[in-house]
Undergrad: 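The structure's right below; bear with me while I get my questions together.
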Amino acid sequence: MSALAAFKRLDLATAPTPLERMANLTRALGGPDLWIKRDDCTGFALGGNKVRKLEFLIADALDKGATAVVTAGGTQSNHVRQTMAAASRFGLRAATVLERVRTDALYEENGNALLDKLFGAETHFVDKDADLAAALADLAAKLSSEGETVYSVPVGGSSPLGALGYAVAGIELAEQCRAMGLRPQTVVHATGSAGTQAGLLTGLALAGFDVPVLGICVSRDGGTQEAKVRGLLKDVLALIERPGLVPETAVRCDGDYVGPGYGVATPEMAEAVKTTARSEGIFLDPVYTGKAMAGLFAHARQGRFTGDGSVVFLHTGGTPALFVYPEVADDA
Ligand SMILES: *Cc1c(COP(=O)(O)O)cnc(C)c1O
């Protein structure tokens with residue numbers, strides 16, 4: 001833990017989040033022994049994985065005397081929702097760039113978009129496939145010219161500092177597993193902007209808990225995603241002055257469950273969302289955790305979990321987006 005003690009951190013998440021057995025889903029799949037780490041229950045602003053990153057990022061913003069926080073994401077970004085909420089909570093002006101991924105009324109007015117409006121976040125829309133980083137820089141410049149001290153949070157909160165939120169989560173998970181006598185053979189989770197995976201690997205290694213992590217991609221092929229996670233991991237380890245703590249080979253990503261693209265529903269995702277809801281009473285989301293669980297189902301059915309330990313699924317949140325994908329509830 002001492003490697004992280006040098007960094008200021010707010011208390012925003014309800015943690016430790018529960019680590020629960022999924023006995024019904026285990027039975028439905030015929031094994032392996034499935035557990036779930038409930039980071040959808042981090043509490044603040046409907047929870048999710050970004051709350052942990054924001055404990056470090058908003059602490060840094062306050063430390064630097066920021067008066068405004070800007071970020072960027074898709075219209076239904078969970079990251080934007082949690083970041084705007086955290087900025088509001090600490091009295092900072094909250095503004096965001098939103099990429100118009102879909103333009104139907106439901107998508108632009110319900111789910112996370114509705115919540116952003118409740119927080120009073122200023123939203124600046126750009127077209128699909130626009131350069132988000134450039135639009136974010138423009139927004140930061142605009143607010144600076146209005147006299148604000150601007151703190152810019154990158155897409156997904158995945159700066160090396162933000163990723164430390166998942167180093168904390170990795171240590172937390174290791175402590176829970178030890179206390180419960182659980183020896184997982186793999187931790188499975190959705191990987192996007194890479195901070196969760198890079199941080200988790202760091203935290204598990206800091207805790208001396210040797211368990212493989214498998215990232216299921218939501219937007220890229222496996223090789224491209226692995227390169228992205230490795231790049232960030234290197235920066236995280238440099239930040240905490242522990243280069244070499246995690247070998248590059250520990251980064252493993254599977255890009256087989258993305259489907260046609262980021263945020264586009266797949267039948268396998270819909271099946272995973274419904275099966276998890278009906279067997280465990282747990283809601284996944286259509287963009288991240290539903291696809292990650294589809295990957296877990298496929299690995300289980302193909303007999304690819306060959307160790308004898310449990311498999312832990314890290315639920316990273318995102319359920320507000322369910323409300324803009326009503327077709328997921330249809331029975332085929
Ligand atoms: C952002 C997000 C992820 C991906 O986490 P990264 O750190 O961006 O890789 C997974 N699940 C949900 C629900 C998210 O909002």
Side-chain angles (χ1 to χ4, degrees), residues 17 36-42 44-54 56-57 71-86 101 111-112 115-116 132 153-170 187-203 213-220 222 224-233 235-236 251-255 257-258 262-263 269 272-273 276 282-296 313-325:
T17 57
I36 187 165
K37 171 74 171 157
R38 300 293 304 270
D39 271 16
D40 55 321
C41 300
T42 51
F44 182 71
L46 293 184
N49 62 343
K50 306 311 183 300
V51 176
R52 292 190 186 267
K53 301 178 183 183
L54 289 161
F56 287 94
L57 294 168
T71 195
T75 314
Q76 285 296 332
S77 167
N78 302 300
H79 159 70
V80 168
R81 179 236 317 158
Q82 291 161 88
T83 303
M84 295 295 95
V101 182
N112 284 303
L115 299 173
D116 292 344
L132 270 191
V153 175
V155 173
S158 285
S159 62
L161 187 67
L164 294 187
Y166 266 83
V168 171
V187 178
V188 178
H189 71 91
T191 180
S193 68
T196 300
Q197 192 166 4
L200 190 62
L201 284 164
T202 301
V213 172
L214 176 64
I216 306 290
C217 306
V218 298
S219 51
R220 301 181 185 83
T224 309
Q225 184 69 16
E226 283 180 356
K228 188 174 172 69
V229 177
R230 283 185 187 132
L232 180 59
L233 177 63
D235 293 344
V236 172
V251 176
R252 290 192 307 127
C253 302
D254 184 341
Y257 308 95
V258 178
Y262 174 75
M269 172 279 289
V273 170
T276 306
I282 292 172
F283 299 120
L284 302 175
D285 83 285
V287 181
Y288 294 94
T289 54
K291 287 184 179 175
M293 188 63 90
L296 185 154
F313 181 80
L314 173 64
H315 191 332
T316 42
T319 46
L322 273 175
F323 301 101
V324 301
Y325 289 80

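Reckoned from all heavy atoms, side chains included, excluding hydrogens, waters and symmetry mates. All values reported here derive from a predicted model rather than from experimental measurement. Both counts, for ligands and for their atoms, begin at 1 and track the order of listing.
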Undergrad: Heavy-atom cut-off of under 4.0 Å around ligand 1: list whichever protein residues fall inside it, by chain and number.
TA: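 Contacting ligand 1 under 4.0 Å are N49, K50, K53, N78, S158, A190, T191, G192, S193, A194, G195, T196, Y288, T316, G317, G318.
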
Undergrad: Please find the pair of heavy atoms, one from R252 and one from Q197, that lie closest to each other, and give the distance.
TA: O-NE2, 3.1 Å

Undergrad: According to side-chain contact (heavy atoms from CB on, under 4.5 Å), who are the partners of D285, at least two apart in sequence or on a separate chain?
TA: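 If we apply the side-chain contact (heavy atoms from CB on, under 4.5 Å) test to D285, skipping adjacent residues, the hits are V287, Y288, T289.
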
Undergrad: If the test is side-chain hydrogen bond (donor to acceptor under 3.5 Å, both in side chains), which one of Q225, K228, E226 qualifies with T191?
TA: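 Among Q225, K228, E226, the one that satisfies the side-chain hydrogen bond (donor to acceptor under 3.5 Å, both in side chains) with T191 is Q225.
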
Undergrad: Any side-chain heavy atom of Y166 within less than 4.5 Å of one from D39?
TA: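 Yes - at least one pair of side-chain heavy atoms lies under 4.5 Å apart.
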
Undergrad: Should D40 and T319 count as side-chain neighbours, where that means a heavy-atom distance under 4.5 Å?
TA: no

Undergrad: For the side chain of K53 and the backbone of S158, is there at least one donor-acceptor N/O pair under 3.5 Å apart?
TA: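 Here the side-chain-to-backbone pair does not exist.
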
